[in-house]
Amino acid sequence: MRSRHYTVLSASAARGGLSQRELGEILGVDPSAVVALVDDLERAGLVRRDPHPDDRRTRLVVVTAAGQVTLAETRELARRVDDGLLAALTPTERATLETLLERLTDPS
């Protein structure tokens with residue numbers, strides 16, 4: 001799984017389903033790229049496209065049970081990688097780094 005796939009999967013899981021347009025806006029990704037990413041995830045059985053309850057033209061990207069399992073496994077793997085990468089830092093240094101990185105990625 002590539003990082004962009006993980007990001008789409010994670011955002012969809014966090015919000016209980018999002019339209020492809022919403023995913024593009026949240027992730028700052030071109031809509032055509034979102035379609036390709038969702039197609040990949042759907043082929044892998046990790047998401048499905050459900051009808052939007054209020055807009056019949058829109059489909060929601062919803063994480064499947066298999067997607068939830070994959071997401072949990074991927075998060076655990078990422079946590080282990082982070083722990084190994086940041087092992088040389090004290091807890092205070094790690095917290096400072098995380099705060100600085102969040103500031104860099106915050107669009108506001």
Side-chain angles (χ1 to χ4, degrees):
M1 175 179 302
R2 295 177 182 239
S3 63
R4 290 182 128 190
H5 292 103
Y6 170 80
T7 305
V8 169
L9 195 61
S10 183
S12 296
R15 302 238 169 60
L18 293 167
S19 71
Q20 291 176 167
R21 180 186 49 76
E22 290 170 323
L23 281 167
E25 289 171 4
I26 290 169
L27 305 175
V29 177
D30 183 79
S32 63
V34 172
V35 170
L37 292 166
V38 172
D39 286 347
D40 291 344
L41 292 169
E42 189 174 39
R43 272 192 298 277
L46 304 179
V47 300
R48 65 179 186 271
R49 289 175 168 108
D50 287 352
H52 191 287
D54 301 323
D55 182 353
R56 63 187 177 122
R57 297 168 295 157
T58 301
R59 309 286 283 175
L60 296 176
V61 178
V62 178
V63 179
T64 64
Q68 292 286 355
V69 170
T70 298
L71 186 57
E73 292 170 350
T74 305
R75 284 182 175 155
E76 175 59 23
L77 178 59
R79 187 197 58 76
R80 289 196 318 253
V81 169
D82 285 350
D83 287 347
L85 181 66
L86 303 175
L89 299 179
T90 67
T92 301
E93 291 170 330
R94 186 171 175 165
T96 299
L97 176 61
E98 289 171 358
T99 299
L100 293 170
L101 290 172
E102 286 172 2
R103 281 180 50 197
L104 287 173
T105 60
D106 184 7
S108 58

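Numbers here simply count residues along the sequence, with the first being 1. These numbers come from the heavy atoms of this one structure, side chains and all, not from hydrogens, waters or symmetry mates.
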| query | Listed by chain and number, what are the salt bridge (charged side-chain N to carboxylate O under 4.0 Å, His left out) partners of Glu73, not counting sequence neighbours? | reply | none
| request: Output all residues satisfying side-chain contact (heavy atoms from CB on, under 4.5 Å) with Glu93, sequence neighbours left out; order by chain, then residue number. | output: Leu89, Thr90
| request: For Arg57, enumerate each residue passing the salt bridge (charged side-chain N to carboxylate O under 4.0 Å, His left out) test, keeping only those at least two apart in sequence or located in another chain. | output: Asp55
| remark: So CG of Leu97 and CD of Glu102: to nearest 0.5 Å the spacing works out to 10.0 Å
| request: Taking the side chain as every heavy atom from C-beta outward, state whether Arg59 and Pro51 have any pair of such atoms under 4.5 Å apart. | output: yes
| field | Pairs where residues 14-23 contributes a residue and the test salt bridge (Lys or Arg N to Asp or Glu O under 4.0 Å) is met, not counting sequence neighbours | value | Arg21-Glu25
| So do the side chains of Arg103 and Leu100 get within less than 4.5 Å of each other, counting heavy atoms only? | yes
| Co-membership, hydrophobic cluster, residues Val81 and Leu86, 4.5 Å side-chain | no
| Residues two or more places apart in sequence or in another chain: which of them pass side-chain contact (heavy atoms from CB on, under 4.5 Å) with Leu85? | none
| field | Which residues share a side-chain hydrogen bond (donor to acceptor under 3.5 Å, both in side chains) with Ser3, sequence neighbours left out | value | none
| query | Who passes side-chain hydrogen bond (donor to acceptor under 3.5 Å, both in side chains) against Gln68, sequence neighbours left out? | reply | none
| note | Taken in chain and number order and not counting sequence neighbours, the residues that satisfy side-chain contact (heavy atoms from CB on, under 4.5 Å) with Val62 are Arg48, Asp50, Leu60
| said: Could you list the cluster mates of Tyr6? Members are the ILVMFWY residues connected by side-chain heavy atoms closer than 4.5 Å, either directly or through other members. | reply: Met1, Val8, Leu9, Leu18, Leu23, Ile26, Leu27, Val29, Val34, Leu37, Val38, Leu41, Leu46, Val47, Val61, Val63, Leu71
| task | Output all residues satisfying salt bridge (charged side-chain N to carboxylate O under 4.0 Å, His left out) with Asp39, sequence neighbours left out; order by chain, then residue number. | result | Arg49
| task | Return the minimal non-hydrogen interatomic distance between Gly45 and Ala66, and the atom names on each side. | result | O-CB, 3.7 Å
| task | Please list, chain by chain and in numerical order, all residues satisfying salt bridge (charged side-chain N to carboxylate O under 4.0 Å, His left out) with Arg4, sequence neighbours excluded. | result | none
| task | Sequence neighbours left out, what passes side-chain contact (heavy atoms from CB on, under 4.5 Å) with Arg79? Give chain and number order. | result | Glu76, Asp83
| In Å and rounded to the nearest 0.5 Å, what is the OG1 to CG distance from Thr99 to Leu104? | 11.0 Å
